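A short write-up of the structure that comes next.
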Amino acid sequence: MSRLAKWSSNCTRRSSLRQQVPASGRCAAASLNEFNAAVHVVADKTLALLLPGSGAAALIFDGRLDYFAMAALPLLRRLLEAFPKVRSSWQEEPTGRQNTCVMEVATKEVLLLFLRLLGPTIPPDMDPLHRARTASLAKILATVSLQRLLEKGFSLLTMLAASALTTWRSHSLFPAAQVQVPDVTAVVSAAAAMHNSGSAGSDILEAIRTQRSLQRSLWQKTSSFGASPIFRQIAAWLLEAPEDLPQVVYMTMFFGDLGNSSWVSRFLDRALVVGLPRIIFASPDPAYLHDCADVAQIWRARGDAYNRLLCFRSFSTVARPYDINNYAKFVLLPLLLALGMSYAWLDIDIFVAQNPTQRLLNLAQTADVLTTDHFDETCLNHGVIFVKASDRTLHWALSYIRWMHVYPFGHDQNGWDAFLGHSIEFEPLVPSNRNITLRVLDTGKEFLTLTGWAGDDADLPAALLLHLTRTTPIGVMEKRTRFLEMLDSTLPSLDADMARLRDLEVLRAALSPLRAAQPSPKRSCYEGVHVAVEEAVHDGSYWHLFK
């Protein structure tokens, strides 16, 4: 599409404009002609500058995407107001002749598709991304000659080319991952062979998770037979620990820069101070992996009987904005589930007030997946995750990872919500047969954020963590200041009882200004909405565009 758009702009269209176009070759609907010409002007000033060879594009939310959409929205609204008359004049053209308005109508369809990629999901019968509608658009374009496509299709081609810049992930992200589906299959097959005494249809991984001897036998076999290197490494690491540990592995990751080089080491140290039983830190950055290794060595010197901290180099290039984050967060999820270990995730901008493990295990007795939403909004936020190991959750996790591959336009948190059947409906390509149960963690008193705290002093002991995020924007400096102040105030220099009292005072100081009544019901939300369509979303006119 990029090449066709550049060809249309630089060669064919310029030469065709110097020739008189016969009246029979023009669209009979003046509104469509005006619309197409106006969109062309806007695209030429904005999206054309994003075509390969025309200059660099921002990694996330390039402003020229929004400038184009802001200018194109009123053009589309005017066209839609006139569309009953437009449709009438279009349909009155003689039967048997290719309709001369095909390119103009297709341009309108592609603009709708482009705007949909910038905003929230809509019902399938109105969605330009629905398979039936994209197939119809493809059939329409297939009837257009290459000459006419290049003469009339600059705006259409440019919008389709620019749509690649609305993706969150690269297509190459998971197919080349360090964990592959055949490796997962091999480990689960080994687990099934060990569990052959179970009844037909029984949950293999649930049995592995709950029977320690079976679990350790699986780890022993995985650590020594022909599994992939990362499976062998993690199975051997799991075997180092005593048998009586909680059956959960925590994960976190970091890359980039938050303005303080000690962030990683201080977060990991705090996680070990509060007693997390096992934690994997992932990063593609050797410097942060070195910090991780230093923390692990310090804790071994302090007397840890086994390596609680594993440092994992996650390999992925940065082609799209969430490549590193989505890869590191989910690449080991199926691996750990296949080994019979439940999976917990904590974002690295979380202050861990106390060990949440027992609380998570208790809550997971009645649910497959635990995760947070927001203090005042319904959509899920997977900054905190717990996934209980079972056959169901492994199938579900692989299905979710596949969705992130086949639909890179979808924000991972919107997909997470839709895959759990929580608040977001109609997310494209999400299967309807989700055999999974969800419990939303309490963001009012236990799993907190900076948006609000619904407790009082008597509720302080229930606070497990404080995620340094909120539903209104927060700057890096504020986040860094709050995080480091809390860590500085809770350095491990006291005995356990005194340290707990001190930590409660630190929490009181941090949470008291956040005290607020938690709203009920919470407002709906959707991640990744572009500024160009925010106003239309808020006033409801966004959905009217697609009717």
Side-chain angles (χ1 to χ4, degrees), residues 1-6 43 46-69 72 109-122 127-131 133-134 137-138 155-177 253 255-256 284 314-331 379 382 399-419 424 426-430 526-534 537 542:
M1 289 300 172
S2 297
R3 288 168 180 166
L4 286 170
K6 294 185 77 171
T46 53
L47 300 185
L49 304 178
L50 298 171
L51 295 174
S54 302
L59 189 62
I60 183 170
F61 284 14
D62 192 294
R64 288 163 290 192
L65 298 174
D66 288 302
Y67 295 148
F68 168 78
E109 278 293 295
V110 172
L111 177 55
L112 285 171
L113 186 150
F114 185 86
L115 294 172
R116 167 63 183 83
L117 291 173
L118 305 185
T121 188
I122 58 177
D127 195 345
L129 292 175
H130 191 272
R131 290 187 179 204
R133 195 154 169 182
T134 54
L137 175 61
S155 305
L156 178 151
L157 298 168
T158 307
M159 285 188 284
L160 288 174
S163 68
L165 297 177
T166 69
T167 57
W168 296 98
R169 291 169 299 282
S170 306
H171 267 304
S172 60
L173 192 60
F174 289 107
M253 65 85 60
F255 73 102
S314 56
F315 292 99
S316 61
T317 57
V318 188
R320 296 304 304 142
Y322 279 18
D323 278 356
I324 291 178
N325 175 281
N326 287 180
Y327 182 87
K329 182 171 278 193
F330 297 109
V331 69
C379 58
H382 56 39
S399 179
Y400 173 63
I401 291 170
R402 181 179 183 276
W403 175 85
M404 286 196 287
H405 168 64
V406 300
Y407 187 57
F409 298 100
H411 193 290
D412 55 297
Q413 297 208 117
N414 296 330
W416 181 257
D417 186 299
F419 262 80
I424 294 176
F426 314 128
E427 192 70 15
L429 305 181
V430 172
Y526 190 85
E527 291 293 338
V529 175
H530 280 241
V531 65
V533 298
E534 277 184 348
V537 170
Y542 169 82

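Quick caveat: nothing in here was measured; it's all calculated off a predicted structure. Heavy atoms only: backbone and side chains are in, while hydrogens, waters and symmetry mates are out.
Put simply, the side chain of Asp417 gets close to the backbone of Ile424: a donor and an acceptor are under 3.5 Å apart. In terms of modelled atom types and a separation under 3.5 Å, the side chain of Asp323 and the main chain of Arg320 share a donor-acceptor contact. A donor-acceptor pair is defined here as one N or O able to donate and one able to accept, closer than 3.5 Å; no such pair exists between the side chain of Trp403 and the backbone of Phe419. Listed for the His405 side chain is no donor-acceptor partner under 3.5 Å among the backbone atoms of Leu173. Between the side chain of Arg169 and the backbone N or O of Tyr407, at least one donor-acceptor pair lies under 3.5 Å. Using a distance-only test at 3.5 Å, with no hydrogens or angles considered, no donor-acceptor pair links the side chain of Asp412 to the main chain of Asn326. Checking side-chain atoms of Lys6 against main-chain N and O of Pro52 turns up a donor-acceptor pair under 3.5 Å.
Atom-to-atom distance recorded for Lys329:NZ and Ile324:CD1 is 14.0 Å, nearest 0.5 angstrom. Residue Thr158 holds its OG1 atom at 10.5 Å from CE of Met1, rounded to the nearest 0.5 Å.
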Using atom types as modelled, flag every donor-acceptor pair under 3.5 Å from a side chain in residues 110-122 to any protein atom, sequence neighbours excluded.
unit_1, atom_1, unit_2, atom_2, d
Arg116, NE, Asp127, OD1, 3.2
Arg116, NE, Asp127, OD2, 3.4
Arg116, NH1, Gly119, O, 3.4
Arg116, NH2, Thr121, OG1, 3.3
Thr121, OG1, Phe426, O, 2.8

task = Check the pair Arg131 / Leu429 against side chain to side chain contact (heavy atoms under 4.5 Å, CB included), numbers first and verdict last.
result = CA-CA 9 Å; Arg131 290 187 179 204; Leu429 305 181; 3.2 Å; yes
request  = May I have the step-by-step check of side chain to side chain donor-acceptor pair (under 3.5 Å) for Tyr526 and Glu427, ending in yes or no?
outcome  = CA-CA 11 Å; Tyr526 190 85; Glu427 192 70 15; 2.9 Å; yes
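Across Leu165, Leu65, Asp62, a single residue satisfies side chain to side chain contact (heavy atoms under 4.5 Å, CB included) together with Leu47, and that is Leu65.
In plain terms, the two heavy atoms of Pro428 and Leu129 that are nearest each other are CG-CD1, 4.4 Å. When all heavy atoms of Ala48 and Ser54 are compared, the closest pair comes out as O-OG, 3.4 Å. The two residues Val331 and Ala177 make their nearest non-hydrogen contact at CG2-CB, 3.9 Å. Nearest heavy atoms, Glu109 versus Leu137: CB-CD1, 4.1 Å.
Among residues two or more places apart in sequence or in another chain, the ring pair (Phe, Tyr, Trp, His ring centres under 6.0 Å) test is passed with His530 by Phe61. With sequence neighbours left out, the ring pair (Phe, Tyr, Trp, His ring centres under 6.0 Å) criterion links Tyr322 to Trp168, His411.
Counting only N and O atoms by type, the side chains of Thr46 and Arg64 include no donor and acceptor under 3.5 Å apart.
Around the CZ atom of Phe409, the shell of radius 6.0 Å holds more than 12 heavy atoms that belong to other residues, nucleotides or ligands.
Looking only at side-chain heavy atoms (C-beta outward), Cys379 and Gln413 stay at 4.5 Å or farther from each other.
Aromatic ring orientation, His382 versus Phe330: perpendicular (interplanar angle above 60°, classes split at 30° and 60°).
A distance of 6.0 Å or more separates the ring centres of Phe315 and Tyr327.
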